Amino acid sequence: LAKEVAYLSASSANTWLAASVREMEAVANANGINITEFDAQFDPAKQTAQLQDAIASGKYDGIVVCAIYGVGLIPDIESAIAAGIEIVVLNQVVGPDLTTSDPQVDGIAASVLAAPYRSGTRHGNLTVKACEGDDNCEVVFIYGIKGIPLDDAIRQGFDDVISNHSNIKVVAEGEGKYLGPDGGIAATQDILSTGKSFDVMVGADQSMQGAAIVLADEGMTGKVKLIGLGGSAPAIKGIADGSWFAGVFGAPGTEGRLAMESMVDALNGTDRGGIDPLSSIPDEGLMTTDNISKFTAEWDG
Amino acid sequence: MNIIELSRKYGIAVITISLFLILALTTEGFFTERNIRNLLDQQSTILIAASFMTIVIISGNFDISISAIFVVAPLFALNIENATGNVLLSVFGGVGLGIILGAFNAIVVTYFKVNSFIATLATSFMFFGFGYLISDRSLMRPVTDTYQQIARTKFFDITSATWIALITVIIASILLTRTRFGRNVFATGGNQEAARLAGINVPMVQATTFILLGASAALAGIVNSSRSISAQPSDDFSFVFSVLTAVIVGGTSIMGGKGAIWRTVAAAFFLAFMNNGFNLLQVDPLWQRIILGLVIVIAVALDSWSQRKNV
Amino acid sequence: MNIIELSRKYGIAVITISLFLILALTTEGFFTERNIRNLLDQQSTILIAASFMTIVIISGNFDISISAIFVVAPLFALNIENATGNVLLSVFGGVGLGIILGAFNAIVVTYFKVNSFIATLATSFMFFGFGYLISDRSLMRPVTDTYQQIARTKFFDITSATWIALITVIIASILLTRTRFGRNVFATGGNQEAARLAGINVPMVQATTFILLGASAALAGIVNSSRSISAQPSDDFSFVFSVLTAVIVGGTSIMGGKGAIWRTVAAAFFLAFMNNGFNLLQVDPLWQRIILGLVIVIAVALDSWSQRKNV
Amino acid sequence: MGRLNINQKTAEALISFKNVSKSFGATKALINCNIDFKMGEIHSLVGENGAGKSTLGKIILGAYKLDSGQMLIEGKESQINSPVQSVNLGLVGISQELSLLPSRTVVDNIAMGRELTSGFFVSSKKTKEKVLSVMNRFNLFLNPDSIVGSLSVAEQQKVEILRALNSNARLIVFDEPTARLASNETEQLHFLVNSLAKTGTTIIYISHFLEEVLSISDRISLLRNGQLIRTNIAKKETKKSLIEGMTGKEEGNLFPKIKPVSKNSETILQVSNLTRKNEFEKISFEIKRGEIVGLSGLVGSGRSELALTIFGDKKPDKGKINFYGKEIKNNSINKSIDMGIAMVPESRRTQGLILARSLIENISLPYLKKFSSIYGVNKKKEKVDVIEACNKTTVKHNGVDFEVQYLSGGNQQKILFAKAAMGKPRLLIADEPTRGVDIGAKKSIYELIAKLSDVGESVLLISSEIEEIIGMSNRVLVMSRGKLSAELEGSAINKKTIMEATFKN
Ligand SMILES: Nc1ncnc2c1ncn2[C@@H]1O[C@H](COP(=O)(O)OP(=O)(O)OP(=O)(O)O)[C@@H](O)[C@H]1O
Ligand SMILES: Nc1ncnc2c1ncn2[C@@H]1O[C@H](COP(=O)(O)OP(=O)(O)OP(=O)(O)O)[C@@H](O)[C@H]1O
Ligand SMILES: [Mg+2]
Ligand SMILES: [Mg+2]
């Protein structure tokens, strides 16, 4: 009998998650699993309802969940587990601790994600590298959405690394949002207007794409070291051609594949626990010009 | 009244009931006790706020800020709960904050005469800001086990969230249809100048509607946080979107003066049935959007057509 | 007219200019050629759509679906561009799609008489669905280098995006204030029955406003995609939020019949100056929200007070 | 003439104005007015449009605050800041412009703000009973459950009156109550006003019908340009003295000379067998070039519906309309306007005016084509023409760029006329065109109508004022219950024949 798996997506229109879905489907097909996608359109209440509906329908042997608001889902995830449904967490932490990939609810079969805090430390490590040999290394930090716990955790990881390096100073901040380069364009333009000098910009790939566009417009390509987070096609291309300095790899495809493989294992009785997809990636996913040839983009940006 | 007149008068309710019957007959898992219980539980927060939103809209105003109140009130309640361990106090505190924020909206709209749409959009930013401030930008969880009982206790197998929603809907309906306040709401929304000349204290009526809505949005937020045993700050406007959609699909006029809470309730369930049906029938999310849009247009067109013929 | 009358009549413009002067005097980096150029460039997409949104709102309607058109039109344009390599064709295709979607809104609102707020909310879902359909859920990039020139070519140091916005604002203003169509828009929004009895084809006027807005939202989307050299599907309503905020902060009445495009433009810059100021002064985002909310309330209260005293 | 009031001399003043002034921007609506309103008297206010009558009433009702001076209530100075206070003091009124809740029922409208409760809840039953008892007491009946928006204007007016009567008022301001009523209902209202005054209620009565004012009032105050000219016992005034006081000019002949139409004058409008279900049936008549045809009948007899059908707003179920020999098929308003038909609709606020826009934009609206080219609207030419139209129709205004909502009621009515005149129509359909306008303005509107017919244009004049119909028409049509009940010409046109036809079934 074919197994039924529900996939609760934060948003079906999201390009990162679309890359994960493709891999999940490949694995599922190979294992005779049928996936049904639920689209919460970034509405947490909708996602809760979908989770409840999926449990109530009694159709599903497993649920892969990409949470919008991870903690809020816990009660229903517990009841799914109680109902004997295997749960695999994808991409976003389900639980209060944003520093770990490990499952935070008893009975979750696997949790496949790069913990936000860890992304922050990786970002920090690349920044340290970019600032090597510079006594006064001025950094601009572009948030996704400043103030939300996710971005706070990333920043925390970043700060914990750079605080050990007195030569590095964050001189300005901006907000790029997570939708395309638009936010990064405006943020970078405004920061340039302040007239502050800076050497390094860090932020999510979407924002760094915007930054790259503005820097190109201003004839400043290469004068500022861009460090992305996401491993999108433009990031890898940019690092290769020198217009970006470095980036933290992001692996939506790998994540999707690992999640579905974990689900297959779970349905066969083996829990895999916490998986950081980047741990199986060359150099822990820290990309620079030296190792960029080892990476291929798993999504377009 | 014959059946045609009835179905004209109750257009949106008839549409909702038809959808219910169709789903019950065709969709496995729909008409099960558990699914219906879930549906009721899922709609509770929307219904709590939507009842009083209906009143605000009938009185001729808008309130965008309920999303922000929905976010900030449980954070405040959890602050109290974490500090005192007293759940009752925390609920009062959270609802009290809703009242204060509602009163703030009321002052901006009635005293400074700022259009309510933009006024409550602006106050939304402020209230969201407060949310970040009082939560210190992090997730909050209750320290007591009682907090989660607010929404999750079961009476006769139905969650307390559902009961709270039921009681709120009934109170709002009675207020709107059976009290002088309710009549004044209709008068104010129908013709503000006429209401004023008839001796109705229009600013007071409007202020009251905002305060009640503030309180109910706060209550909805607390119920939601009790259900998910946590709360976190955000700038998420999705709650007011869902609430407004229910009110307006229900046929309450955004021009004011016209509408009913039963309409809002019917529309909320209409939308819930649609989404539930999509989930149970495993409809491709891509087509869900297109079908949902189309069905809403058809339902609203039918309802407004039946209301027109009904004069 | 003396200076007091002038500043009353042009309340929001005076407020915006004051903010400009304050920022220019106090904030380093604000009054620089580069910053002003950027500000103009950043506002271009909002201005393109907001001009025609002002017209739709004056005519007594709402259009929520511009967010979806803003998302789907560039995806369609890039589909054409990717297939043919012809940028001009792709722009026509994208704007053409905007016209078709605007016409669809128009039919739902004028023919099926669905309230425009809910109608365009419903069609938003559909249009977002289309976006997702034609892009296959992935980011799209132009294959030609010309596509990015749509928004990024410079004339006299000013980007073509800014020029397009300027031209759109001027065309919309002329249409609204100097043509018969514009008069009909005001009449329709002011008193639909009176407009009808004056021989105005009210549904036609309303339909035209929706179609023009559809085209302009599509153009804004294409300009945006050219600026960011990419486009992606989403369900993001933030564009219509920004546009509506500009229109309503500007003082155009959501009841219809009253408003002006210069008001919208002034408000758009007011909001842009605020955000730019926040960024230049590196204000904590938490406080940004609270300050922005407060300042909007004050600005709108002042403007509406000045409009009242202006009789 | 005049009602005899026994207590007249001894009665105390309920309200006294001492040096009251009120301005709106540059407009001085009231200047240093001193007036007493005594308990139980019927005190009328007369004056031209814009003289300040409504303003005075609205100050008492708390809708406006006075700028300077004092308002004494029973001799004590009182500050009224809002209608709530007035209502609590028993000062109520019906306003000149209908102020109703169109989507609510008659009962809801009448009881607005005054619903009866049992305990915490509104008692629909008690409230309705109270409303019915008021209807009974004053002999004014309406279906209590009708939706007000679907009622005719006259019925809506009754709703307003009943709302004022539903409170135990000490003072009621009637601002033009009869402008929307038919003659039999007017008499009923007079009876009612008298009986109210007898029981001690003070009545402030604002009207442009001077006969009515003279017959019903104890005292009359005359206002001109915001100033009180005099207050006098009604018996001491005559129509002539009032007109002279109001306008500063001698009374002339109200109706201009109407030229007879020659027998062989061309027929321009021919309506045959026109029918719309439940509204009117088998209506056939003609209008000749240069002819003024009066259309009389009771409120609700279907006149407005007929007019709107001819104008192209409604499609007939059966029958034909010929205009200048051509049958109008698929009629539409636009077509009618293009062919030279203009209309003054019966309700200026809901059908006629865009209140928040300027005089210019209102007046030129149907004829914008005339001023438009590919360069847009020629505003200069438009302004010149609009000013001319305003002058022709004697609109009193502070500039054609001002919003029409700030004009007095009568001047708003004249705007409709100015708008119609703008198109130089071949046929003018005027539905209650002089509702609420002062004598001077009426006269100029009548002259305008006469001038139109002089130059060969035709007029269909719908009016509930029989004098107006008699004074202005070449020929009179009477409708009763949706059917044409008489067509009168020449010496056959008189009050008696019209009234007979009106009540014919
Ligand atoms: N709210 C207002 N704003 C500005 N001007 C006003 C306002 N109300 C009245 N006016 C002006 O005050 C003057 C007096 O108006 P009012 O309505 O009292 O006249 P009226 O005597 O009742 O005339 P009518 O017989 O036409 O009703 C007019 O010039 C009018 O334009
Ligand atoms: N919107 C409406 N809905 C329902 N009935 C209406 C509506 N308007 C008018 N009527 C009814 O249609 C009938 C004819 O009304 P109409 O206005 O044509 O009368 P009229 O002779 O012009 O009288 P009036 O003096 O009021 O203008 C009346 O019985 C009226 O109550
Ligand atoms: Mg008046
Ligand atoms: Mg009529």
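Everything numeric here is computed off the predicted structure, so don't read it as measured data. Residue numbers start from 1 in every chain, and the chains themselves are labelled A, B, ... in the order their sequence lines are given, proteins ahead of strands.
Between chain B and the options Ser57(A), Pro75(A), Ala153(A), heavy-atom pairs under 4.5 Å are most frequent for Pro75(A). Ranking Arg37(B), Gln148(B), Arg289(B) against chain A, the residue ahead of the rest is Arg289(B), based on heavy-atom pairs under 4.5 Å. Note: Val71(A) leads Asp43(A), Leu73(A), Asp151(A), Val71(A) in heavy-atom pairs under 4.5 Å with chain B.
Note: Leu51(A) CG to Asn38(B) CG = 9.5 Å, rounded to the nearest 0.5 Å. Rounding to the nearest 0.5 Å gives a distance of 5.0 Å between CZ of Arg141(B) and CD1 of Ile74(A). Remark: Asn275(B) CG to Phe38(A) CZ distance equals 11.0 Å, nearest 0.5 Å. Expressed to the nearest 0.5 Å, how far CG of Asp39(A) lies from CG of Asp284(B) amounts to 9.5 Å.
The heavy-atom pair separating Ser228(B) from Tyr69(A) by the smallest distance is OG-CE2, 4.2 Å. Residues Ser230(B) and Gly72(A) share a closest heavy-atom pair of OG-N, 3.8 Å.
Interface remark: Arg227(B) contributes backbone atoms only to the contact with chain A (heavy atom separation under 4.5 Å). Heavy atoms of Glu4(A) lying under 4.5 Å from chain B belong exclusively to its side chain. For Ala49(A), the parts sitting under 4.5 Å from any heavy atom of chain B are the backbone and the side chain alike. Residue Asp53(A) touches chain B through both its backbone and its side chain, counting heavy-atom pairs closer than 4.5 Å. Interface residue Asn276(B): backbone and side-chain heavy atoms are both found under 4.5 Å from chain A. At a 4.5 Å heavy-atom cutoff, the contact between Asp41(B) and chain A is made by side-chain atoms alone.
If you run side chain to side chain donor-acceptor pair (under 3.5 Å) between Gln42(B) and each of Gln50(A), Lys46(A), Gln52(A), only Gln52(A) comes through.
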Could you go through residues 86-99 of chain A and list every donor-acceptor pair under 3.5 Å that involves a side-chain atom there, pairing it with any protein atom two or more places apart or in another chain?
residue: Asn91(A); atom: ND2; partner: Glu255(A); partner atom: OE1; Å: 3.0
residue: Asp97(A); atom: OD1; partner: Thr99(A); partner atom: N; Å: 2.9
residue: Asp97(A); atom: OD1; partner: Thr99(A); partner atom: OG1; Å: 2.6
residue: Asp97(A); atom: OD2; partner: Thr99(A); partner atom: OG1; Å: 3.4

Anything under 3.5 Å between a donor and an acceptor, one on a side chain of residues 239-246 of chain B, the other on a protein residue two or more places apart or in another chain? List them.
residue: Ser242(B); atom: OG; partner: Ser238(B); partner atom: O; Å: 3.1
residue: Thr245(B); atom: OG1; partner: Phe241(B); partner atom: O; Å: 2.5

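In this structure the side chain of Pro44(A) reaches within 4.5 angstrom of the side chain of Asp236(B), judged on heavy atoms.
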